[in-house]
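In each ligand, atom 1 is the first atom listed, and ligand 1 is the first ligand listed. For reference, positions follow the sequence shown, starting with 1.
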Amino acid sequence: MDEFEKAVDDIYEATGGIMERDKIKKELREWISRFGVPLIVAKREIISKYHGKVPNNDEKYISVEELKPGMGRVNLQVKVVSINQKTYEVDGSKKIMHYGMAGDETGVIPFTAWTLDVDLRKGDCVEIHNAYTREWQGQTKLIIGQNTRLKLMPPNSVKVKSNVKPAKIVELHPHMGLVEVVGKVISADKREVYVDDVPREIYSGTIADDTGEIPFTSWDIPVQAGDVIRITGAYVSTYRGMAQLVFDNRSTVKKEDLNIEIKSIPVQVESLEGRGGFNVLVEGVIIDIKDGSGLIYRCPECGRALNGTTCPVHGRVKPRADLRVKAIIDDGTGAVLCLFNREQTEKMLGMDLDEVIDKVKENMGNTSVIMDMLEEKLFARPLRVRGNVIDEEKYGLRMFVKDFDFLDLEDISKKAESLLEELGW
Ligand SMILES: [Zn+2]
C-alpha cells in the first residue's frame, strides 16, 4: 500500500467511516495539488476538519433558516440562546417542560422540549437528532420530543447569527430572539451570586421607554439608575409569569446621550398573553365580579382567605376582616382578572371597613349585601387599571392593581378617535 492509500485509510478510520473513500481521495488530492500541502499535513487537516462533523447519508443537517412548520425527523446543530422551564401537571403528576431559543449562523428559532436526554444549558452547542416542527403563533417552532436525541458539541462550535431586532418595551415577548432596546434605567440593584462556584454580579431593576417599563437582569454588566442605555443582543425570558429583559457579556450595552420621555400607554390585554407585564395600563369594562369579593376574613398569621375560623395551616384562629374585589376586565381583545385591595374597595364602595362590617351586621351577618353593592356600582363600568400582570397557566392573566380610575364611555371613544388620527386613519 502506498503512502497515499494509507493516508486515505487513516482518514477513513479517524472520521469514523462517515466519509466515503472516494470523497477522501478527492479532497486529499486537492489539498496536495492545489494547496501544495505535504501529505502528512493534508491528512491532519482533513481529519480535524471532518472529525465527528460529517453527516452520514441518512443524517443530513438542516439549517434553522430552512425550517418550516410541519417538518418531521429534522437534524440540526444549534446553540442554545436561552432556556427556561415550566412545571405542569399531566394526569396528576408533575412534569417539567423546557422552552427557549436556539440558533445557528442562519437564524434563531423558538423551541420546546418535552424531554431532555442531556442537561441543556444556555450557551451549549448541541446536535439535535430527530426533532420536528410545528406552527406556533405564525412562527415555526422546533419541538424536541420523546424520540429526539441530543448530543453536546464542543463549546462555541456553533455561531449564532445576530439577527438582533430593535424593539420597543411594550413589544418585548419571550419568543422574539435577540433584541435591541433603548431605555432609561429606572432602578438598579447589585448583588453577588455564585454560579458553578464562580462569583457573578447581578444587576436587577426596571428599564423604561416611551411605551412602557420592564424588569431586567444584567449578568456582570454594571447598570446605573438614571442612565439611558442601548442594549444590543438582549433576550426576553419570563420569571414568575412576567417578562424580563436579560443581558450579559455577549450583549453590548452603551450609554446614550438621549432624552427619553417615559410614558405608559394602555396595552391590549391580548398582548399580555405569555408575557404578563410590569406596571401596565389596561382600559376596559368590568364584565364580571367574582365570588370572594367584598367582605372576607383572613388568617391573621398567613393572610389566607378563610371560610370559617380554621386555617388549613394554622388551625383555629381569630380571623381578620378585609375587603377585596376580584373583577374581570375585558378590553375587547382579551380578559384579565384584576385584584383590588382593601383601600381600593373602600374607594369603590364609598365606605370604610368598619362601616362595611356594621352594614353586614344590620343584614343579619349576610355579606352578600356588600357583593350586591359592588355588582351595582361596578358591573359594566369602564375603567383604567394600572398594575403588574402575571400570566400563569393555572390562573391565566392576573393584575395586582396599583391604581385605577373610572372612565366615561365618551372618554374612551374620543381617545380611540385621536389614536386613530395619530396613526393616520
Ligand atoms: Zn394561616
- prompt: What's within reach of the Zn ion (ligand 1), meaning protein N/O/S atoms under 2.8 Å?
  reply: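 Sorted hits: C299 SG, C302 SG, C311 SG, H314 ND1.
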task: Take N259 and K184 through the test side chain to side chain donor-acceptor pair (under 3.5 Å) and record every step on the way to the result.
output: CA-CA 9 Å; N259 247 333; K184 184 172 183 172; 6.0 Å; no
- prompt: So do E301 and V313 actually touch side chain to side chain, heavy atoms under 4.5 Å?
  reply: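 In short, these two side chains do not touch, never coming nearer than 4.5 Å.
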message: For E346, give me all partners under salt bridge (charged side-chain N to carboxylate O under 4.0 Å, His left out), at least two apart in sequence or on another chain.
response: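 With neighbours one apart ignored, the set is R342.
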- prompt: Is S187 reaching over with its side chain to a backbone N or O of G205, donor-acceptor style, under 3.5 angstrom?
  reply: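 Such a contact is absent between S187 side chain and G205 backbone.
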- prompt: Is it true that the NZ or CZ of K122 lies under 6.0 Å from the centre of Y235's six-membered ring and within 45 degrees of the ring axis?
  reply: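 Pair K122/Y235 does not count as cation-pi.
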query: Within 45° of the six-membered ring axis of F340 and under 6.0 Å from that ring's centre, is NZ or CZ of K290 located there?
result: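 No, K290 does not lie over the aromatic ring of F340.
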